[in-house]
Amino acid sequence: MTSPAGHPAGHPAAHPAALDAHHHADVSGGWLRAAVFGAMDGLVTNIALIAGVGGGGIAPRTIVLTGAAGLVAGAISMGLGEFTSVRAQNEQVAAEVAKERRELTRFPQEEAEELARIWERRGLPPDLALEVASTLGRDIDEAVRVHAQEELGVDPDEAPSPWVAAGSSFVCFSIGALVPLLPYLLGATSLWPALAAGGGGLFVAGALISRYTRRRWWASGVRQLLLGAAAAGATYLVGRVIGV
């Protein structure tokens, strides 16, 4: 048995994605970018930090202290930075949406004509574009939402949460920064197990990201590994040159 499109029954393409209300991932919650950035920053920062002080001949106990301080300071900084940046972005969007609401209330016809011109550039007939825009203006809340999407490129009802972004960044930075410290915490006395653990963490993190980006898992893993290796190599050389 085949579908109207010629695909075998049960084939994924036989079921249109548009019929599924949740066929797209949530890209507006604010957690994924913060989580990825936090994990990668935690891994790269502490791998590079440990490589730098380890290359300078610092004792393992001091390396652990340095890495732990980097973990705590970095996690707090990342969390506060994400909270502040997302909060500021949301406030800016709210201010622009409020401005759009005032304009729609004072000049509904002019705003309808502005929206119609946007749709005309996308191929909608002028008369139809103006008719739809004018009809939309009768519902001020819906008009504000559509104008914000068309003019600002944002949906005011789907603003990312600064708390979610901050929490994701804080937790993922801490986990990432802990990975290269684990060998020392488990009794290692040389630098190379820590670098190997950090490299493995970078590869795994990159591979996990491919689940959301649809890239090849190994390509995403290798990319993150190379970026981290470049940072660690640079700080290691600095440590070797400067020394204790």
Any chance you could lay out the side chain to side chain contact (heavy atoms under 4.5 Å, CB included) test for M40 and I209, step after step, and finish with the verdict?
-> CA-CA 10 Å; M40 290 305 172; I209 291 171; 3.3 Å; yes

Check for a donor-acceptor pair, side chain of S220 on one end and backbone N or O of R216 on the other, with a separation under 3.5 Å.
-> no

Minimal non-hydrogen separation, A133 against A112, with atom names | CB-O, 3.3 Å

Main-chain N/O of A207 paired with S210 side-chain donor or acceptor, under 3.5 Å | yes

More than 12 non-hydrogen atoms from neighbouring residues, nucleotides or ligands closer than 6.0 Å to CH2 on W217, yes or no?
-> no

For the side chain of T105 and the backbone of R101, is there at least one donor-acceptor N/O pair under 3.5 Å apart?
-> yes

State the OG1-CD distance between T84 and Q89, to the nearest 0.5 angstrom.
-> 13.0 Å

Would V97 and H147 satisfy side chain to side chain contact (heavy atoms under 4.5 Å, CB included), going step by step from the backbone distance to the final call?
-> CA-CA 9 Å; V97 169; H147 276 263; over 6 Å; no

Donor-acceptor contact below 3.5 Å, side chain D41 vs main chain M78 = no

To the nearest 0.5 Å, tell me how far E151 CD sits from K99 NZ.
-> 9.5 Å

Least distance between heavy atoms, W31 atom then S168 atom = CB-OG, 3.5 Å

From I50 atom CD1 to I58 atom CD1, the distance as rounded to the nearest 0.5 Å | 13.0 Å

Salt-bridge criterion met for E150 and R122 (N-O under 4.0 Å) = yes

Cluster question for you: counting only ILVMFWY and a side-chain heavy-atom cut-off of under 4.5 Å, with indirect links fine, are V86 and W163 together?
-> no

When hydrophobic residues are tied together by side-chain contacts of less than 4.5 Å, even through go-betweens, does L185 share a cluster with W192?
-> yes

Output yes when E120 and R117 qualify as a salt bridge under the 4.0 Å nitrogen-oxygen rule, no when they do not.
-> no

Greater than 12 external heavy atoms within 6.0 Å of R87's CZ | no

Output the distance between atom CG (L124) and atom CG (D127), rounded to the nearest 0.5 Å.
-> 10.0 Å

S169 and G79 have their tightest heavy-atom pair at OG-N, 4.2 Å

When hydrophobic residues are tied together by side-chain contacts of less than 4.5 Å, even through go-betweens, does L71 share a cluster with V171?
-> yes

Value for CG (L191) from OH (Y184), rounded to nearest 0.5 Å, stands at 4.5 Å

I76 with F83, same ILVMFWY side-chain cluster at under 4.5 Å = no

Check for a donor-acceptor pair, side chain of Y236 on one end and backbone N or O of A231 on the other, with a separation under 3.5 Å.
-> no

Going hydrophobic residue to hydrophobic residue with side-chain gaps under 4.5 angstrom, can you get from L115 over to L128?
-> yes

Using atom types as modelled and distance alone, determine if a side-chain donor or acceptor of T235 lies under 3.5 Å from a backbone N or O of A232.
-> yes

For I63 and G54, work out which heavy atoms get closest and say how close.
-> CD1-CA, 3.8 Å

Okay, side chain of N46, backbone of G67: is any donor-acceptor separation there less than 3.5 Å?
-> yes

Atom CD of Q92: over 12 foreign heavy atoms under 6.0 Å = no

If only atom types and distance count, is the side chain of S85 paired as donor or acceptor with the main-chain N or O of E82 below 3.5 Å?
-> yes

For L202 and V44, what are the C-alpha separation, side-chain angles and deciding distance, and is it a side chain to side chain contact (heavy atoms under 4.5 Å, CB included)?
-> CA-CA 8 Å; L202 284 168; V44 174; 3.9 Å; yes

Could you pull out the closest heavy-atom pair between G199 and I47, with the gap in Å?
-> N-CD1, 4.3 Å

I118 and R121: CA distance, side-chain angles, deciding distance, side chain to side chain contact (heavy atoms under 4.5 Å, CB included) verdict = CA-CA 5 Å; I118 294 174; R121 291 195 292 270; 3.5 Å; yes

Nearest heavy-atom approach of L43 to A205 is CD1-CB, 4.1 Å

Pairwise distance CG(L130) to OG1(T135) - rounded to 0.5 angstrom | 9.0 Å

